[in-house]
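In what follows, every chain begins at residue 1, and chains take the letters A, B, ... in the order their sequences are listed.
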Amino acid sequence: MPEGYVPLRKTEHHAVLAQSLSNNGDVTTQRSPAQNNTSSATARVASQLSDTYYVDNFNYLIKFVTRHYQHLLTADELKFCHTYDSLSNTAQQTYVRLASRSTDLLRTAKLHYPEIENISDGINELNSIGFVSKEVEFSSEECASLFTRAELKSVLGLSSSQFDPACINPDAFTTPDLFGDSPLTRLLANDSIIAVHHKELIVAFRLLFFGNLHQDFSSFVLRDLGLRQYENYKIDSDTVLFQEREQLAAHLHYYQCAELFDSACEQGIDGLQELHTLLPQPLQYDKTLDRRLDTFKNRIARQLERLEALDIAAQIYSQTTRPPARERLARIQAKSGNTDSALTLCKAIQALPLDTDELDFANTFGARLAKKAQQCFTSPARHAPPESTLQLHAGNLSVEFSVALHYAKTGKCYYLENSLLNGIFGLAFWDIIFAPVSGVFFHPFQHQPTDFYESEFTISREQMIRQRLQQIDNGQLQQIVNSHHYQKKGLRNPLVNWQWLKPHTLSLALKRIPKQDWQAIFKLMLSDIRNYRSGQPDLIYFPDDGGYELIEVKAPGDRLQKNQLRWMHFFNEQRMSHSVVHVEWIE
DNA sequence: ACCGACGATG
DNA sequence: TTCACACAATCAA
DNA sequence: GATTGTGTGTCTCATCGTCGGTTG
Ligand SMILES: [Mn+2]
Ligand SMILES: [Mn+2]
C-alpha cells in the first residue's frame with residue numbers, strides 16, 4: 001500500500017557525524033551541534049520551567065483567542081472560556097492536565113500529578129460544571145483499550161495466549177459471574193473512569209493561534225526550555241489570521257477530512273470519491289485554505305490513479321491549479337490516447353508555468369508526445385553535463401564519501417549536498433526572510449514566514465532583495481554571511497542546517513566562488529525556492545590550485561534526477577565548474 | 001531478561 | 001511527522 | 001529511457017516508565 005504509510009519512529013538516536021575530509025587524507029569526525037557555544041543566540045539554554053507552566057501556557061492561549069477572536073467564537077466557546085476563568089486553581093490545573101492526555105476516557109488510578117494538591121477536588125469541581133464526567137457510559141471496545149491485556153485476561157478468565165481484545169463479546173464486561181460480580185466491577189474495584197469534555201474546543205483554539213494543527217503546547221515548552229529557538233521577528237498584530245467564522249470552520253473541516261484519508265484509501269475508489277465530496281468549499285479570500293484543499297485533492301486524485309480510476313482522478317485534478325495537477329492531468333490524457341489535449345495542456349503550461357517542475361515536465365513530456373504524433377512542439381535543448389568515471393575500491397564508506405576522499409588528495413572536498421548553497425542563501429538573506437512584511441508572522445513559534453514558498457515571497461521583498469544583491473556586488477557577501485552566522489547561530493531558519501555548516505567551509509566557499517556566481521545562485525533560488533532548495537550536487541571540491549567544482553556522484557545504476565539536472569543546466573549557463581562522477585567499483 | 005513502540009513529561 | 005535521495009522493478013519502444 | 005514505488009539516512013528535545021511481545 002503506497003499511501004497510508006506507517007511512520008516508524010527511531011528511538012535509537014545515532015549521533016550525527018559531520019565528516020570533513022582534508023587533503024592529508026584524514027577523516028575527522030565531529031560531533032554536533034556544539035553545546036558550549038559562546039555566540040549570542042545560544043547563550044540561553046536549559047532554563048527551568050515554573051511549576052505552573054502548563055496552566056500558564058493554557059491561560060495564554062485562552063487569553064489570546066478571547067482577545068483577538070471574540071467575535072468569531074461561538075456561544076459554547078465563549079462560555080467555556082468564561083467558565084474556565086472562574087475555576088479554582090486546582091480545577092484549572094486538573095483540567096489542563098486531563099485535557100493534555102491523548103484519550104478522552106481516563107482511569108483515575110492512572111493519574112499521578114504530585115503538584116496538584118487534591119486532584120479529586122479538582123475532578124469534582126470539573127464534574128459539577130460539565131468539564132468532565134464521573135459517570136461515563138462506554139463501549140466494550142473502549143473498555144478494552146482502557147485496561148492492559150494482563151488485566152483483561154485475568155478478569156475475563158481468558159488466559160489463552162492468543163487473546164485478542166478486538167473480539168471481546170460486547171456483553172463480556174457486564175455479564176455477572178458466579179459470585180454476582182461483573183468483570184467491569186472488578187476492574188473498577190480500586191479505580192474509576194472519567195471522560196474529559198470540550199477538547200475539540202481546544203483544537204479550534206490551537207488552530208486560531210497557530211494557524212495549523214501540527215503545532216501544540218509543546219512549542220511553548222520547547223521554546224521555554226531553550227530547545228527550539230526562534231528568530232525574534234516582529235509579529236504583525238494588525239492582520240489577523242482568520243476573518244470569518246466560516247473560515248475557521250472550513251479549516252477544521254479540512255483537518256477532519258485529512259484524518260480520514262487512510263481509511264478512505266482502504267475503502268478504494270468509492271471511499272476516496274466520497275472523501276472528495278466531503279471536503280469544504282474554498283473561500284475566495286483564503287489562500288491558505290486553497291493551498292490545503294488543493295494539495296489534499298491532488299493526493300486523493302493520485303491515489304485514484306493508482307486504483308486506475310483515471311476519469312475520476314482527471315476530474316479532481318482539473319479542479320485544482322496547484323502543481324502537479326496539470327502534469328498528472330496531461331499524463332492521464334496521454335495515457336488514455338488523448339494526445340491532442342495532452343499536447344495542448346503542455347503548451348498551456350509552457351506559456352504560464354506555475355513552477356519550475358511543471359515547466360520542465362511540459363518541455364520534456366510535450367516533446368516526446370509531439371515526436372510520437374509527428375507534430376510541432378518547441379522546447380529548449382537539454383544540457384548534458386560533463387561526465388567522468390572514477391574507479392574506486394569498495395569500502396565501508398558511502399559512494400559520496402569515497403569520492404570525497406579521493407578528491408581530498410588534491411584539495412578539500414565536502415559532502416554537503418543541499419546544506420551548502422541553501423545555508424549560505426539562508427544566511428545571506430536572513431534579515432530579509434524574517435523582515436516584517438505584513439501578514440506573514442502571526443505567533444512566536446514560526447521558523448519561516450507564511451509566504452516563504454509562495455511566488456509572492458520575492459515580490460513582497462523586492463526592494464530589500466535588490467539592495468542585498470547590490471551589496472553583494474560591492475563585495476559585502478562574506479561580511480553579511482559571517483555576521484549572521486555569528487549572531488543567529490542556533491536560531492531556526494528554513495534553509496540553514498547549523499550542524500553541517502562549519503565556519504571554515506563557509507569562508508572557503510565564499511572565498512573561492514566569485515560574487516557573480518553567488519548572485520546568480522541567489523536569483524535562481526529566489527525564482528522558485530521550493531524547487532531549487534533540492535537537487536544541489538553532492539560534493540564541493542576546492543583544489544589546492546584554487547577554484548572550485550560542484551560534483552554530483554553517481555554509483556553504478558544511479559542516474560541524474562530531474563532537479564539535479566536543473567542545477568547542472570544552470571551551472572552550465574552560468575559557466576560554473578560542475579560535473580557528474582560515475583563510480584565503478586573494483587574488486 | 002531484553003527489545004521496541006509509545007505516551008507523558010518538562 | 002517528514003524530506004530528499006538512492007535504488008529496484010516495470011514497461012515500452 | 002521513463003515512470004513508479006520502495007527503502008534509507010537524517011531530522012525531529014531528551015528521558016523515563018509502561019506495555020506487549022520475543023527470547024533465553
Ligand atoms: Mn546525493
Ligand atoms: Mn549522488
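- Nucleotide B:dC6 is matched to D:dG17 when pairs are restricted to Watson-Crick or G-U wobble geometry with both distances under 3.5 angstrom.
- Between A:Phe217 and A:Tyr54, the distance from one ring center to the other does not fall under 6.0 angstrom.
- Relative to the side chain of A:Arg149, the nucleotides D:dT10, B:dG10, D:dG20 differ in distance, and D:dG20 lies closest.
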I'd like to compare against my own output: the B/S/- annotation of nucleotides 5-13 of chain C with a strict under-4.0 Å heavy-atom distance to protein. SBS------
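- Residues A:Asn497 and A:Glu305 both approach DNA chain D. Their nearest nucleotides, taken by heavy-atom distance, put A:Glu305 toward the 5′ side.
- Candidate nucleotides D:dG20, D:dT18, B:dG10 were compared by shortest atom distance to the side chain of A:Thr148, and D:dG20 ranks first.
- Checked against the 6.0 Å centroid criterion, the rings of A:Trp500 and A:Tyr414 do not qualify as a close aromatic pair.
- Between B:dA8, D:dT4, B:dG10, one nucleotide has an atom nearer to the side chain of A:Arg302 than all others, and that is D:dT4.
- Of the side-chain N and O atoms in A:Trp500, none sit less than 4.0 angstrom from OP1 or OP2 of D:dT10.
- Neither OP1 nor OP2 of D:dC11 sits under 4.0 Å from any side-chain N or O of A:Arg228.
- For the pair A:Arg492 and D:dC13, the criterion of a side-chain N or O lying under 4.0 Å from OP1 or OP2 is met.
- Among the heavy atoms of the strands lying under 4.0 Å from A:Tyr113 are primed sugar atoms or P, OP1, OP2 only; no base atom is included.
- Both A:Lys110 and A:Leu222 lie close to DNA chain D; mapped to their nearest nucleotides by heavy-atom distance, the more 5′-ward contact belongs to A:Leu222.
- Residues A:Ser534 and A:Asn418 have side chains that never bring a donor and an acceptor to within less than 3.5 angstrom of each other.
- Here D:dC13 is the nucleotide among D:dC11, B:dA8, D:dC13 with the atom lying nearest to any side-chain atom of A:Leu227.
- Separating the CZ atom of A:Phe58 from the C1' atom of B:dG10 is a distance of 18 Å, rounded to the nearest angstrom.
- Summarising the geometry, the separation between CZ on A:Phe365 and P on D:dT3 is reported as 7 Å, rounded to the nearest angstrom.
- A:Arg107 comes within 4.0 angstrom of no nucleic acid atom, judged by non-hydrogen atoms across all strands.
- Every residue meeting the side chain to side chain contact (heavy atoms under 4.5 Å, CB included) condition with A:Glu387, not counting sequence neighbours, appears here in chain and number order: A:Val580, A:His582.
- Here the two rings, on A:His578 and A:His383, have centers that are under 6.0 Å apart.
- Residue contacts for A:Tyr54: at a heavy-atom cut-off of 4.0 Å it reaches no nucleic acid atom on any strand shown.
- A:Arg530 comes within 4.0 angstrom of no nucleic acid atom, judged by non-hydrogen atoms across all strands.
- Here D:dG9 presents its C1' atom at 17 Å from CG of A:Asn396, a figure rounded to the nearest Å.
- The closest side-chain donor-acceptor pair between A:Asn298 and A:Thr295, if any, does not fall under 3.5 angstrom.
- OP1 or OP2 of D:dG5 has at least one side-chain nitrogen or oxygen of A:Arg306 nearer than 4.0 Å.
- Taking the centre of each ring, A:Tyr53 and A:Phe220 stay at or above the 6.0 Å mark.
- Side-chain polar atoms of A:Glu266 and A:Ser263 form no donor-acceptor pair below 3.5 angstrom.
- The interatomic distance linking A:Phe220 (CZ) with D:dC13 (P) rounds to 16 Å, in whole Å.
- Protein atom CG of A:Leu225 is 10 Å distant from nucleotide atom P of B:dG10, rounded to whole Å.
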